[in-house]
Amino acid sequence: MNLNRRQTEAVEATEGRVRVVAGAGSGKTRVLAHRFAFLVNELGISPGNVLCLTFTNKAAQEMKHRIAGMVDRGNVNDLICTIHSFCVKLLRREIYKIGYPKNFIILDETDAKDLARDAMQEFGIDRKKTTAERLLKDVAALKGYDPDGYIAKYLMPGAAEGAPDAKIRYIQLQRKQFALDYDDIIYIATYILTHFKDARDYWCEKLNYVMVDEVQDCSGDDWKLIEILASHHGNLFVVGDPDQAIYEWRGASPKTFVNFRADTDVILDINYRSTPDVLAVANSIISNNKNRVRKELTAVRLNERLPVWNHYKSETDEAEGIANAIEAGILEGNPFSGFAVLYRSSFLSRRMEQALLKRKIPYTVWGGVRFFERKEIKDIISYLRLTANENDDMAFTRIVNVPARKFGSVTLGKLKQIAEEEGDALYPTLRRHISDAPFGKKPIRDFVTLMEEARAIAAGLKVSDLTERLMARSGLDTMYRTDEEEERLENVAELVSSMIEFESSRFEDSEADLYHYLQDIALYVNSDHSEDKDRVRLMTIHQSKGLEFPQVFIMGLTEGIFPNHRSIRERRQDGEEEERRLMYVAVTRAKDMLYMSDSEGYLNENGAMKYPSRFISEIEEGLIEITGNPDPALLEGTKNMVRGLDDELGGGDNAVLTAGTRVAHRIFGEGVVESYDSISKSYKVRFGEKVRQLIPAVIKTL
């Protein structure tokens with residue numbers, strides 16, 4: 001089989017509960033494929049009795065392809081699939097048990113939003129105050145809190161028709177159309193297996209062996225389904241790496257894998273991807289996590305060069321430095337696709353894109369959208385374009401109903417007809433006919449007033465000031481904040497930052513105006529962006545999981561950005577450890593060379609001074625080369641920043657308050673500490689009849 005000793009051990013451990021902890025680059029996909037083939041070829045198990053679950057369709061196709069070349073009888077079946085795909089197969093056979101037809105509808109994201117808007121309209125909910133996205137989050141929370149409850153109460157035959165609120169109405173509208181959303185697929189499959197013995201007996205007896213890939217990313221609901229499916233034969237084979245669990249924020253349960261009760265445990269710790277120097281950095285960082293299965297990755301390759309930490313004086317210098325290094329590597333004969341630039345948040349791509357474009361280096365934003373092509377950026381730029389040129393019909397069409405102003409396609413069609421008859425552009429036509437039906441509604445009159453004011457004052461304002469004024473007055477600012485899309489807010493902040501940078505880089509005021517700015521943006525947007533495969537890859541670290549590149553640049557290693565302090569504030573130690581796992585994933589993408597970088601300056605979010613990420617400090621001395629002469633005071637600043645955050649959240653050197661300690665809260669009044677949670681670093685405090693879970697920073701001892 002051409003496998004190493006531990007890989008062979010995993011493949012041949014066929015009976016009972018088997019846990020394989022597979023480090024980065026250790027060949028887990030190879031093990032899964034060989035084990036499937038071993039079950040079929042050596043044990044004589046029919047492929048139709050082996051379930052192999054993956055997390056993406058791409059991974060499932062790769063697994064099928066590998067297995068097809070190894071099994072010597074029978075066809076590779078459709079039980080090599082994602083968890084959701086398997087549940088759909090199960091439901092096609094079993095969903096009649098809850099009164100649904102087997103040709104039920106699966107809602108995509110757009111369908112779900114449309115259905116949510118229908119429910120909101122029935123309840124007279126103002127879509128300016130509550131978005132469809134917000135309602136869908138509330139529906140998901142309701143379903144996740146009690147999966148069995150919502151199915152039994154609202155989806156089963158004979159369910160009540162009346163709805164107390166829009167959340168329930170959304171579920172009832174689903175039932176009316178026999179439609180399932182993404183969450184329902186697993187919840188209903190599990191419900192049927194739990195409540196209908198004949199269905200459970202059929203599937204559990206059929207599936208002699210259950211294999212699950214990337215199991216650290218399974219949610220609690222996924223685990224419940226998996227355990228049911230393996231309950232009859234007891235043959236459950238789970239593969240994953242707790243050190244690469246980066247989706248806990250959206251429900252993954254890596255602790256379940258860490259605490260998994262196994263009959264056989266195998267650790268794959270031989271890495272075939274990276275150099276020993278790269279792995280030394282990865283091991284050094286991840287060793288600081290507590291919630292993991294201990295292992296040390298070892299390499300089969302030889303060292304080439306120490307990984308590098310490049311410290312820069314500014315964010316622009318950082319992007320330019322990375323672009324220069326890539327350009328030098330290309331001149332040495334390396335392909336463009338051999339380079340990847342990874343970042344924690346997508347807004348960091350902006351400077352990197354511009355630096356690459358300046359050098360005519362082809363790139364792609366892998367799994368994402370180029371910065372100036374993102375919806376929120378195009379919306380804002382369109383407001384600026386219409387301000388600069390009232391005849392810009394494309395900009396007008398894009399933003400006349402963003403945010404919503406009851407200016408739909410019918411109204412727009414009438415305006416286009418009048419504009420065509422009068423031989424003029426859309427906006428001047430609207431302005432002339434603003435008192436005529438159907439254009440005279442207050443939101444449309446306000447829009448025209450806003451644009452006229454913007455056009456009148458544009459010449460006397462900085463582009464950044466004009467943009468912030470347009471966002472505030474148009475309602476864009478409120479819309480983005482109401483949507484609760486943190487990434488959009490970060491992108492908008494980065495856009496304003498790019499404008500300030502543009503203004504400061506122009507020596508002549510006449511070249512720092514709106515028209516010059518829009519010309520600059522047009523050059524970036526219209527730059528050649530061919531779909532050739534040989535391109536530098538830019539991507540978030542989440543999107544890089546499962547990929548590998550000869551040379552990897554991790555940029556934006558600034559405390560607060562990476563690790564993300566919002567994640568740590570929300571989830572305390574769990575958040576910090578997941579950020580560190582994300583860093584581990586980023587480092588282990590590198591095959592030959594790893595570059596890490598940060599920059600001085602100030603954070604967009606709060607204007608605080610920037611300090612290097614704690615992850616750089618966690619790398620043992622001598623494992624990396626350092627360039628840029630970082631001031632030792634900056635690393636001391638990192639320690640102070642980490643210490644301050646720990647103290648804010650109840651960590652650091654602060655003594656833990658004992659049960660019975662009397663405390664005060666400025667809103668809840670006086671209370672008594674009942675207990676302290678060392679994981680979340682918070683106190684359970686009783687105020688009269690109510691108990692609150694609070695961080696130490698908001699309570700004072702009496």
Side-chain angles (χ1 to χ4, degrees), residues 3-11 13 16-32 212-218 223 236-248 252-301 307 541 545-546 563 568 571-590 594 614-624 651 678-679 681:
L3 302 172
N4 67 38
R5 179 179 61 80
R6 288 186 177 176
Q7 288 174 333
T8 302
E9 181 184 351
V11 166
R17 296 166 64 87
V18 182
R19 179 178 70 169
V20 178
V21 180
S26 63
K28 70 176 179 61
T29 305
R30 182 178 177 80
V31 166
L32 281 159
V212 189
D213 188 17
E214 299 283 15
V215 77
Q216 78 279 349
D217 294 331
C218 284
W223 275 106
L236 177 57
F237 182 88
V238 294
V239 185
D241 183 6
D243 290 340
Q244 296 186 72
I246 58 175
Y247 294 111
E248 195 171 3
S253 181
K255 290 179 183 176
T256 307
F257 183 45
V258 172
N259 299 323
F260 183 80
R261 180 181 56 80
D263 300 312
T264 304
D265 251 325
V266 181
I267 295 180
L268 304 181
D269 54 8
I270 298 177
N271 176 285
Y272 293 90
R273 174 190 300 155
S274 306
T275 66
D277 282 335
V278 170
L279 294 185
V281 170
N283 288 330
S284 183
I285 293 170
I286 200 63
S287 65
N288 290 276
N289 271 6
K290 295 181 174 61
N291 182 35
R292 61 188 297 255
V293 178
R294 294 284 169 183
K295 66 179 183 303
E296 283 275 318
L297 291 180
T298 57
V300 298
R301 299 181 56 194
I541 299 167
K545 190 165 182 289
I568 296 175
R571 298 176 42 241
R572 313 299 196 275
Q573 182 179 328
D574 286 346
E576 179 187 352
E577 293 210 351
E578 181 158 280
E579 291 292 303
R580 190 173 286 111
R581 293 194 294 267
L582 199 56
M583 180 65 179
Y584 177 81
V585 167
V587 170
T588 54
R589 298 312 92 196
L594 171 68
R614 69 184 71 183
F615 299 146
I616 293 173
S617 301
E618 290 174 354
I619 300 171
E620 294 176 18
E621 190 174 348
L623 295 184
I624 58 174
S678 61
I679 299 299
K681 296 181 180 176

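Values in this document were obtained by computation on a predicted structure and should not be read as measured data.
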Task: Residues which pass salt bridge (charged side-chain N to carboxylate O under 4.0 Å, His left out) with E579, listed by chain and number, not counting sequence neighbours - done: R344

Open item on the list: Closer than 3.5 angstrom, by distance alone: can the side chain of N289 be matched with the main-chain N or O of E577 as a donor-acceptor pair?
Closed with: yes

Task: Student check: side-chain heavy atoms of L3 and V11 closer than 4.5 Å - done: yes

Open item on the list: To the nearest 0.5 Å, what is the distance between CG on D241 and CG on L297?
Closed with: 7.5 Å

Task: S274 side-chain N/O to A590 backbone N/O, donor-acceptor pair under 3.5 Å - done: yes

Check: residues 616-623 side-chain donor-acceptor pairs under 3.5 Å, at least two apart:
| residue | atom | partner | partner atom | Å |
| --- | --- | --- | --- | --- |
| E618 | OE1 | R580 | NE | 3.0 |
| E618 | OE2 | R580 | NE | 3.4 |
| E618 | OE2 | R580 | NH2 | 2.7 |

Task: Given R294, K295, R6, the one that forms side chain to side chain donor-acceptor pair (under 3.5 Å) with D269 - done: R6

Open item on the list: Looking at every heavy atom in both S287 and S284, which two are closest together, and how far apart are they?
Closed with: OG-O, 2.9 Å

- [ ] Return yes if some donor-acceptor pair links the side-chain N/O of R301 with the main-chain N/O of R273 below 3.5 Å, else return no.
- [x] yes

Task: Student check: side-chain heavy atoms of V278 and V587 closer than 4.5 Å - done: yes

Open item on the list: Closer than 3.5 angstrom, by distance alone: can the side chain of E248 be matched with the main-chain N or O of E578 as a donor-acceptor pair?
Closed with: no

Open item on the list: So does R17 get a backbone contact from the side chain of D263, meaning a donor-acceptor N/O pair under 3.5 Å?
Closed with: yes

- [ ] Assess whether side-chain contact (heavy atoms from CB on, under 4.5 Å) is satisfied between L32 and F237, documenting all intermediate values.
- [x] CA-CA 9 Å; L32 281 159; F237 182 88; 3.9 Å; yes

Task: Nearest-0.5 Å distance that lies between atom CD in Q7 and atom CZ in R30 - done: 6.5 Å

Open item on the list: Does any part of the side chain of E214, heavy atoms only, come nearer than 4.5 Å to the side chain of Q244, both counted from C-beta?
Closed with: no

Open item on the list: Between R614 and N288, is there a side-chain heavy-atom distance shorter than 4.5 Å?
Closed with: no

Task: Partners passing ring-ring contact (aromatic ring centres under 6.0 Å, His included) against F615 (at least two apart in sequence or in another chain) - done: F562

Open item on the list: I want to check something: taking the side chain as every heavy atom from C-beta on, are D213 and K28 in contact at a cut-off of under 4.5 Å?
Closed with: yes

